There are 2 protein chains.
Amino acid sequence: MAKKSADKHYGGRGDPARSMALLWRTGTEPRGRGPKPGLTVDRIAAAAIELADAEGLAALSMRRVAEKLGVGTMSLYTYVPAKAELVDVMFDLVCGEIAPPWADTWRERLELIARANLETYRRHPWMLTVMANSRPPLGPNSIANYDRDLRAVEGIGLSDLEMDSVVAMLGVYVQGAARTAIEAASSERDTGQSDLEWWEAYAPLLEKVFDPEKYPTAARVGAVAGETYESAYDPEQGFRFGLARLLDGVEALIRNRNA
Amino acid sequence: MAKKSADKHYGGRGDPARSMALLWRTGTEPRGRGPKPGLTVDRIAAAAIELADAEGLAALSMRRVAEKLGVGTMSLYTYVPAKAELVDVMFDLVCGEIAPPWADTWRERLELIARANLETYRRHPWMLTVMANSRPPLGPNSIANYDRDLRAVEGIGLSDLEMDSVVAMLGVYVQGAARTAIEAASSERDTGQSDLEWWEAYAPLLEKVFDPEKYPTAARVGAVAGETYESAYDPEQGFRFGLARLLDGVEALIRNRNA
DNA sequence: TCCTGTTGTCGTACGTTGTACGGAGTAACA
DNA sequence: TGTTACTCCGTACAACGTACGACAACAGGA
């Protein structure tokens with residue numbers, strides 16, 4: 001591990017030109033002399049995505065990817081400068097999967113975009129760990145998505161700046177809600193324990209230390225929520241509720257602008 | 001690394017009783033025979049928090065924590081069953097720092113709660129990486145926070161379930177927005193490169209591959225946003241904007257309920 | 001006071017990680 | 001037929017979490 005990079009396992013700290021060339025698949029032309037390449041960046045990234053989908057981000061090691069492709073570990077470094085850049089490529093590839101249908105009203109359009117994002121995160125839970133909102137990898141697919149999201153709120157009375165803010169806010173919210181929703185599923189796979197089993201293990205222990213008289217509100221609301229969801233929390237319900245409130249807020253903004 | 005746990009570096013997969021006892025500091029009484037303990041869980045966690053604050057989550061290793069305390073690495077394992085449980089304790093301790101002032105209106109109260117959370121994440125950026133919304137460590141401080149958040153929206157016309165949903169939604173949004181806001185600062189520390197420098201390195205490369213005619217909306221809005229924020233994005237502005245929309249949405253819900 | 005059992009301390013070792021380095025082999029151009 | 005550019009990859013290193021077990025320190029019972 002030559003250089004540490006704190007808790008970010010993603011790229012942007014290598015050569016910017018090399019990173020961009022990798023994402024946009026440019027600058028691979030001047031080949032002539034040596035042996036033909038036996039791999040491509042896309043083949044490597046596809047294998048890596050498959051691995052991360054199936055076994056989680058922690059299982060995504062260069063050794064495992066190489067094994068999956070039947071090559072030596074270090075061969076990967078002929079095509080990809082480091083793991084961080086590989087993850088950037090994986091990220092942009094998956095961004096290309098997000099394809100919400102168009103709809104007539106801005107509200108439906110944003111709902112469909114939110115839903116499409118959520119579904120993608122569900123298929124590739126590691127995306128949520130890997131996403132960087134500041135300094136994102138500027139790949140072709142994430143840029144195309146930015147444009148598509150903006151067009152969903154174009155011509156409805158918002159300023160350019162407000163369009164940008166609405167799109168950013170929606171992205172932030174969906175990521176947060178998806179994190180909660182996805183976590184349940186992936187922790188079940190990682191621990192072999194369902195949410196209900198987890199709660200049944202912890203609830204009696206909590207009862208021993210939790211004083212309902214000290215926190216009557218939490219006790220009452222927690223009990224109601226627990227009964228309703230048959231668990232501590234229902235992520236799907238939470239996602240819909242939050243999205244509805246958020247879009248109501250956008251609606252109020254539009255009403256204000258047009259009034 | 002005896003057991004892998006995918007991309008979760010936090011606890012809950014060990015003995016539940018031990019985890020809870022650690023968080024609530026119970027069950028440490030029956031000491032008598034051997035030598036006096038030279039450390040406490042709190043001293044260890046405090047050192048770990050200091051380290052994670054200063055150098056990031058990646059620098060948080062058992063070796064480094066032990067070094068900071070002047071003990072052998074393995075001595076830590078007398079007090080803490082594993083790193084995951086230590087992180088849980090760190091999490092709950094920091095939860096105890098979140099102390100928003102009370103206010104007269106529910107809107108102000110939620111704003112102050114959101115702001116207090118954001119400030120805490122700013123002081124301890126690793127919290128965002130470590131937080132698990134599903135199966136959270138059920139420590140005393142996070143439970144107290146849940147109660148406090150609920151009381152902020154009590155008696156304003158919402159059902160118990162809606163109170164729970166509003167609090168959850170706020171938490172999700174603040175986490176997401178904070179992630180964006182915090183990332184900028186921590187990537188600057190990790191890479192030694194400011195956001196502006198990053199953008200100046202990538203912008204010319206992006207211009208070479210980005211076709212404004214293909215994505216006119218992104219080109220126009222991106223330019224306006226870039227000029228306004230003097231960067232790709234202003235996290236503080238984004239936080240305020242999103243929070244305002246979200247609270248507008250809650251306001252609409254309350255109006256509906258009381259109408 | 002000495003023995004005994006309990007507890008805290010921690011050195012060593014193992015399996016994992018990302019990747020720097022350099023050598024070996026291959027294919028096209030001079 | 002070199003020469004040269006290129007792919008392939010074995011080896012090595014530092015750092016990680018932690019299982020294991022030897023050792024030391026102390027309190028209670030004899």
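Fair warning: this is a prediction, and the values are worked out from it, not measured in the lab. In what follows, chains carry the letters A, B, and so on, assigned in the order in which the sequence lines appear, proteins first and then strands, with residues in each chain numbered from 1.
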**Asked** What residues form a side chain to side chain donor-acceptor pair (under 3.5 Å) with B:S142, not counting sequence neighbours?
**Response** B:D92

**Message:** So, using side chain to side chain donor-acceptor pair (under 3.5 Å) as the criterion, who are the partners of A:T180 when residues are at least two apart?
**Reply:** B:N133

**Request:** May I ask you to say what B:A66 touches in the nucleic acid, namely base, sugar-phosphate or nothing, with a heavy-atom cut-off under 4.0 Å?
**Result:** nothing

**Item:** B:L39 CG to C:dT7 C1', straight-line distance once rounded to whole Å
**Value:** 14 Å

**Request:** Round to a whole Å and report the spacing from CG of A:L60 to P of C:dT16.
**Result:** 16 Å

**Prompt:** Quick one: which of A:V167, A:V174, A:V172 gives a side-chain contact (heavy atoms from CB on, under 4.5 Å) with A:L170?
**Reply:** A:V174

**Request:** Would you jot down, in residue-number order, the residues of residues 71-81 of chain A having a non-hydrogen atom under 4.0 Å from DNA chain D?
**Result:** A:V71, A:G72, A:M74, A:S75, A:T78, A:Y79

**Prompt:** Rounded to the Å, how far apart are B:M62 CE and D:dA19 P?
**Reply:** 10 Å

**Message:** Any carboxylate oxygen within less than 4.0 angstrom of a Lys/Arg side-chain nitrogen, looking at A:E50 and A:K68?
**Reply:** yes

**Item:** Partner residues of B:A116 under the side chain to side chain contact (heavy atoms under 4.5 Å, CB included) criterion, sequence neighbours left out
**Value:** B:I98, B:P100

**Message:** Considering every strand and a 4.0 Å limit on heavy-atom distances, what is the contact class for B:L86: base, sugar-phosphate, or nothing?
**Reply:** nothing

**Fill in**
Double-helix bend of the helix from C:dT1-D:dA30 to C:dA30-D:dT1, axes at both ends from 5 pairs, round to 10°, gives 30°

**Fill in**
By side chain to side chain contact (heavy atoms under 4.5 Å, CB included), A:A144 pairs with (sequence neighbours left out) B:Y215

**Asked** Mind checking what makes side chain to side chain donor-acceptor pair (under 3.5 Å) contact with B:D195, not counting sequence neighbours?
**Response** A:R135

**Prompt:** Which residues satisfy the side chain to side chain contact (heavy atoms under 4.5 Å, CB included) test with A:E200, sequence neighbours excluded?
**Reply:** A:L196

Each nucleotide N or O in nucleotides 28-30 of chain C that has a protein N or O under 3.5 Å away: list the pair and distance.
| residue | atom | partner | partner atom | Å |
| --- | --- | --- | --- | --- |
| C:dA28 | OP1 | A:K36 | NZ | 3.3 |
| C:dA28 | O4' | A:R33 | O | 3.3 |
| C:dC29 | O4' | A:R33 | NE | 3.3 |

**Asked** When rounded to the nearest 0.5 angstrom, what distance separates OH in B:Y121 from CH2 in B:W126?
**Response** 11.0 Å

**With sequence neighbours excluded, residues passing side chain to side chain donor-acceptor pair (under 3.5 Å) with A:N145** = A:R148

**Strand-adjacent residues in residues 40-47 of chain B, judged by heavy atoms under 4.0 Å from DNA chain D** = none

**Request:** Report the distance from atom CD of B:E85 to atom C1' of D:dG17, rounded to the nearest whole Å.
**Result:** 12 Å

**Prompt:** Taking atom OG of A:S61 and atom NZ of A:K83, what is their separation to the nearest 0.5 Å?
**Reply:** 7.0 Å

**Prompt:** Would you call B:D42 and B:R25 a salt bridge, using N to O less than 4.0 angstrom?
**Reply:** yes

**Fill in**
A:R64 CZ to C:dG15 P, in whole Å, measures 17 Å

**Fill in**
Picking from D:dC16, C:dA27, C:dT17, the nucleotide nearest the side-chain atoms of A:P35 would be C:dA27

**Item:** side chain to side chain contact (heavy atoms under 4.5 Å, CB included) between A:R64 and A:L60, worked out
**Value:** CA-CA 7 Å; A:R64 292 288 310 273; A:L60 181 73; over 6 Å; no

**salt bridge (charged side-chain N to carboxylate O under 4.0 Å, His left out) partners of residues 120-131 of chain A, not counting sequence neighbours, each pair once** = A:E97-A:R123, A:E119-A:R122, A:R122-A:E236

**Complete:** Checking D:dC26, D:dA12, D:dT18 against the side chain of A:R63 (C-beta onward), the nearest is D:dA12

